[in-house]
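We use all heavy atoms of the structure for the numbers below, so side chains are in, but hydrogens, waters and symmetry mates are not.
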Amino acid sequence: MSSFWSIWISVITLGSILGCFLLLRWCLSNKTGVKEGDDMHHEFDGIIEINNQLPRWWTILFYVCIVWALVYLLLFPGLGNFKGLLNWQSSNQNIRSLAESKAAVAALAENGIISEYDREIAQANEQFGPIFDAYYARPITELAKDEEALKVGQRLFAQNCALCHGSDAGGQRGFPSLSDDDWLYGGSPEKITETLLYGRKAMMPGWIDVMGEQGIKEVTAYVLSLSNRPDLDAGLVSAGKDRFGACAACHGMDGKGNQLVGAPNLTDQIWLYGGTEKSVIETLTHGRNGVMPAFKDTLGEKKIHLVASYVYSLSQDK
């Protein structure tokens, strides 16, 4: 973290604690003009308001919380680049990768070199590593028929992929469904694994500056006609077909897409951002930029092998 952001975070954090202290002191002072213990001349439903101080136990608890916060920030990281007097850390990826055995991890932890979290991760890897090794040795096409392997893959999918693609892998706007046989980059075991390992970056340019509003309307009409959309203006469709050549480099002259660049098929009824006239106009006007993160460092190749098997299995009965 840069020095600027370290100082910024420290000032905001300590300033918030100081603000809480000043707020408490202000609330403890009597600025009502009414003597403490006297009637405030406010009454509702027979209840009379008295000018009383904050409860003593509450005030003490507030002070204790402020002191606790300061002690915590002194011992643990929380003020920018300051690591705290205990030098505690949640994890250390570099050391974790070196500590392969349980005994080595324990020794590092005793010397304060590796965190407790890292020790638990290493112990889990030691316990479950052979299971993942056994699955990794089998091809995805075989694992896609193994119920136990799919259960593991499904849990990994739920933890890492469901936020975007849905718990049922049905997708949502901007995130493709993985449960059909329509693929942007290919649905083979190798392509699914490649996508999970390295991620994808898709870019659909905006065409408003090139085509203008009228050109966008014409191409939209032609694109909708590719999927046999009824009630389209024949003149717009014809004009859009002539303009579609600018799109053919990615989507092909027949509009069936190109998995090498992730260009979707425009001739079916499957739409990533919506297939209404408004949605297509929006896509052509402003373009689209999609990012699929890489999971190689997060999950590792062996767990990705199981996730790929689960994803592959979803489209096999379609």
Side-chain angles (χ1 to χ4, degrees), residues 89-102 104-106 109 114-202 259 262 270 272 290-318:
Q89 52 186 338
S90 62
S91 65
N92 190 318
Q93 291 282 356
N94 294 329
I95 293 177
R96 185 190 311 164
S97 63
L98 297 176
E100 297 179 353
S101 70
K102 189 174 182 179
V105 173
I114 191 171
S115 70
E116 183 65 24
Y117 173 77
D118 293 309
R119 178 163 59 180
E120 293 177 1
I121 290 295
Q123 290 173 348
N125 288 338
E126 183 179 27
Q127 179 179 355
F128 299 109
I131 299 175
F132 288 113
D133 289 341
Y135 283 136
Y136 189 61
R138 298 166 58 188
I140 287 177
T141 52
E142 181 181 324
L143 292 178
K145 301 175 183 178
D146 186 323
E147 291 186 5
E148 292 302 317
L150 292 180
K151 288 179 181 178
V152 179
Q154 183 180 25
R155 285 193 288 270
L156 289 170
F157 179 90
Q159 295 166 1
N160 298 275
C161 313
L163 180 63
C164 294
H165 294 283
S167 59
D168 62 349
Q172 56 182 316
R173 180 179 170 85
F175 303 97
S177 170
L178 306 177
S179 59
D180 55 24
D181 59 356
D182 187 83
W183 298 91
L184 293 176
Y185 294 92
S188 67
E190 296 75 20
K191 283 297 181 180
I192 295 174
T193 300
E194 179 183 304
T195 298
L196 286 165
L197 284 172
Y198 306 111
R200 300 291 185 183
K201 291 184 179 180
Q259 292 183 351
I270 299 175
L272 188 58
V291 177
M292 158 74 185
F295 282 91
K296 183 178 181 179
D297 295 334
T298 305
L299 292 177
E301 293 186 12
K302 296 175 182 178
K303 291 181 181 178
I304 283 178
H305 192 69
L306 281 167
V307 177
S309 301
Y310 170 69
V311 172
Y312 177 74
S313 73
L314 296 175
S315 61
Q316 293 313 290
D317 58 348
K318 300 294 187 293

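Residues F157 and A169 approach most closely at CZ-CB, 3.7 Å, considering heavy atoms. For the residue pair Y185 and A202, the shortest heavy atom distance occurs at OH-CB, 3.5 Å. Counting all heavy atoms, side chain and backbone alike, A158 lies closest to A162 at O-CB, 3.5 Å. The shortest heavy-atom contact between L314 and L178 is CB-O, 3.6 Å. Considering all non-hydrogen atoms of both residues, S309 and A144 come closest at O-CB, 3.9 Å. Closest approach of S179 to G170, counting heavy atoms only: OG-CA, 4.1 Å.
For the atom pair CG (D181) and CD (Q316), the distance works out to 9.5 Å, reported to the nearest 0.5 Å. Between atom NE2 of residue H165 and atom OG of residue S177 there is a gap of 9.5 Å, rounded to the nearest 0.5 Å. Distance CG/L156 to CG/L299: 6.5 Å, rounded to 0.5 Å. Annotation: the span from T298 atom OG1 to Q159 atom CD amounts to 12.5 Å, rounded to 0.5 Å. Expressed to the nearest 0.5 Å, how far OG1 of T193 lies from CD1 of I304 amounts to 8.0 Å.
Put simply, the side chain of W183 reaches to within 4.5 Å of the side chain of I192, judged on heavy atoms. Using a 4.5 Å heavy-atom cutoff, the side chains of L150 and K145 are not in contact. Using a 4.5 Å cut-off on side-chain heavy atoms (C-beta onward), V307 and N160 make no contact.
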Report the C-alpha separation of Y312 and L143 in whole Å, then their side-chain angles, then the decisive distance to 0.1 Å, and conclude whether the side-chain contact (heavy atoms from CB on, under 4.5 Å) test is met.
CA-CA 10 Å; Y312 177 74; L143 292 178; over 6 Å; no
Stepwise side-chain contact (heavy atoms from CB on, under 4.5 Å) test for L306 and K303
CA-CA 5 Å; L306 281 167; K303 291 181 181 178; 5.7 Å; no
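Here side-chain hydrogen bond (donor to acceptor under 3.5 Å, both in side chains) pairs that include residues 132-141, with residues two or more places apart or in two chains, are D133-K302, Y136-E301, R138-E142, R138-D146.
Considering only residues two or more places apart in sequence or on other chains, L272 meets the side-chain contact (heavy atoms from CB on, under 4.5 Å) condition with P176, L184. Scored by the salt bridge (Lys or Arg N to Asp or Glu O under 4.0 Å) test, K191 finds E194 as partners (sequence neighbours excluded).
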